Visitor: 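Sharing a structure below in structure tokens format, with a few things to ask.
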Amino acid sequence: MDNAFAQDLCAALSTRPRAISPKYFYDEAGSLLFDRICDLPEYYPTRTELGILERNAQDIAAHMGPRAEIVEFGAGALRKVRILLDAMDRPARYLPIDISGEHLSRAASALQQDYPGLDVQPVVADYTQRLLLPAPLPGAGQRVGFFPGSTIGNFTPDEALHFLQVAAQVLRGGALLIGADLVKDPAVLHAAYNDSQGVTAAFNLNLLARANRELSARFVLEQFAHSAFYNAPRQRIEMHLVSKRRQMVSVGGQCFEFEEGETLHTENSHKFTIDSLRSLAVRAGFRPGPVWTDPDNLFSVHWLHAPL
Ligand code: AVJ
């Protein structure tokens with residue numbers, strides 16, 4: 001099979017328990033659904049993090065110092081990086097890193113339009129692997145990584161540690177500004193991933209719709225249910241697609257059986273305490289700095305000093 005989605009989906013359906021990477025949510029339709037999730041009344045993370053960044057932009061910019069450059073891991077959050085750029089003292093360069101070249105150039109040119117004096121240099125790369133970045137500009141300030149949205153929560157603890165180690169390498173002598181969703185009342189978490197309008201359900205089911213569109217798979221969407229629940233011992237929301245009955249599905253000419261109630265695990269969204277995020281960062285070589293939160297302690301934004 002030629003394509004990574006086809007390969008990973010067939011591999012997922014061939015193993016037990018069945019699980020696939022959440023990165024496959026984000027085709028065109030999935031990205032639009034995610035934008036709608038961010039505006040849902042129940043989904044607090046996006047607006048809470050935006051509020052934290054807005055309220056503390058001056059303080060954060062002071063930590064960045066003059067002529068800093070921002071390295072953004074993933075290029076989805078232009079609204080968020082603008083808050084930083086607007087508060088910073090003469091930002092020198094913006095380096096968004098994304099695996100999707102198309103997504104990246106759209107984001108980069110939108111930002112370049114609004115900040116004509118800013119050096120915008122997109123980097124097409126998979127930042128979960130090794131990463132090489134252009135050398136710092138002569139006379140530039142510190143290099144600051146930006147990883148908002150609690151995207152780190154999608155990683156397993158091992159993957160999160162590995163990501164932080166890669167980040168520590170490329171940010172040497174600088175810092176990482178990272179957003180992490182906090183452990184909280186499970187009812188609040190449950191509502192955020194089981195919204196009343198069913199947008200999160202549609203987002204989850206879009207994985208199967210995408211397989212139908214791109215891989216000529218034949219998932220009958222009505223035969224699968226969205227399931228999202230808080231796994232308290234592992235401090236994470238899990239999303240699954242549950243087969244409503246015993247059925248056969250076909251993907252790229254291969255057939256797979258689902259028992260009634262059998263699931264495809266589509267996403268983990270880990271939640272952190274301030275200490276759990278900090279100790280993970282320490283293990284990767286960072287030195288914890290200030291943490292900014294909201295009045296309800298829903299979300300946290302951490303300043304982490306990268307090693308030299
Ligand atoms: C983009 C990974 C931060 O985990 O909350 C939202 C994705 N999944 N609703 C999250 C998501 C279901 C989101 N992240």
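The model shown is predicted, which means the values in this text are computed figures rather than measured ones. Excluded from the calculations below are hydrogen atoms, water molecules and symmetry mates; all remaining heavy atoms, backbone and side chain alike, are included. Counting starts at 1 for both ligands and their atoms, following the listed order.
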Visitor: Can you confirm, on distance only, whether ligand 1 has an N/O atom lying under 3.5 Å from any N/O atom belonging to K271?
Guide: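 Looking only at distances, the answer is no, because the N/O contact criterion of under 3.5 Å is not met.
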
Visitor: Between R246 and E260, does any side-chain N to carboxylate O distance fall below 4.0 Å?
Guide: no

Visitor: So which bit of F25 gets within less than 4.0 Å of ligand 1, heavy atoms only: side chain, backbone, both or neither?
Guide: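 No part of F25 is near ligand 1 at this cut-off.
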
Visitor: In the protein, which heavy atom is nearest to atom 13 (C) of ligand 1, and how far is it?
Guide: Y43 OH, 3.3 Å

Visitor: Would the F163 and F147 ring centres measure less than 6.0 Å apart?
Guide: yes

Visitor: Provide, to 0.1 Å, the distance between atom 3 (C) of ligand 1 and the closest protein heavy atom, together with that atom's residue and name.
Guide: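 The closest heavy atom on the protein side is G149 O, 3.0 Å.
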
Visitor: Tell me which part of Y44 gets within contact of ligand 1: side chain, backbone, both or neither, using heavy atoms under 4.0 Å.
Guide: neither

Visitor: Counting from 1, what ligand 1 atoms have a heavy atom of Y26 closer than 4.0 Å?
Guide: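 Close to Y26: 1 (C), 7 (C).
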
Visitor: For this output row, return yes or no: ring centroids of H240 and F229 closer than 6.0 angstrom.
Guide: yes

Visitor: Between S300 and N297 (side chain of the first, backbone of the second, donor and acceptor by atom type, cut-off under 3.5 Å), is there such a pair?
Guide: no

Visitor: So does E28 have more than 12 non-hydrogen atoms from other groups sitting under 6.0 Å from CD?
Guide: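 No, not enclosed.
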
Visitor: Does the pair L189 and Q235 meet the rule for a side chain to side chain contact (heavy atoms under 4.5 Å, CB included), with working shown?
Guide: CA-CA 11 Å; L189 290 169; Q235 300 190 319; over 6 Å; no

Visitor: Heavy-atom contacts with N154 under 4.0 Å: which atoms of ligand 1 show up? List them by number with element.
Guide: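 Answer, ordered by atom number: 2 (C).
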
Visitor: Which residue supplies the protein heavy atom nearest to atom 4 (O) of ligand 1, what is that atom called, and how far is it?
Guide: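 Nearest protein contact, heavy atoms only, for atom 4 (O) of ligand 1 is S269 OG, 2.7 Å.
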
Visitor: Measure the distance from atom 7 (C) of ligand 1 to every protein heavy atom, then report the residue, atom name and distance (to 0.1 Å) of the closest one.
Guide: E267 OE2, 3.4 Å

Visitor: What do you reckon, are the aromatic ring centroids of F25 and F203 less than 6.0 Å apart?
Guide: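 Distance test on ring centres: under 6.0 Å, yes.
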
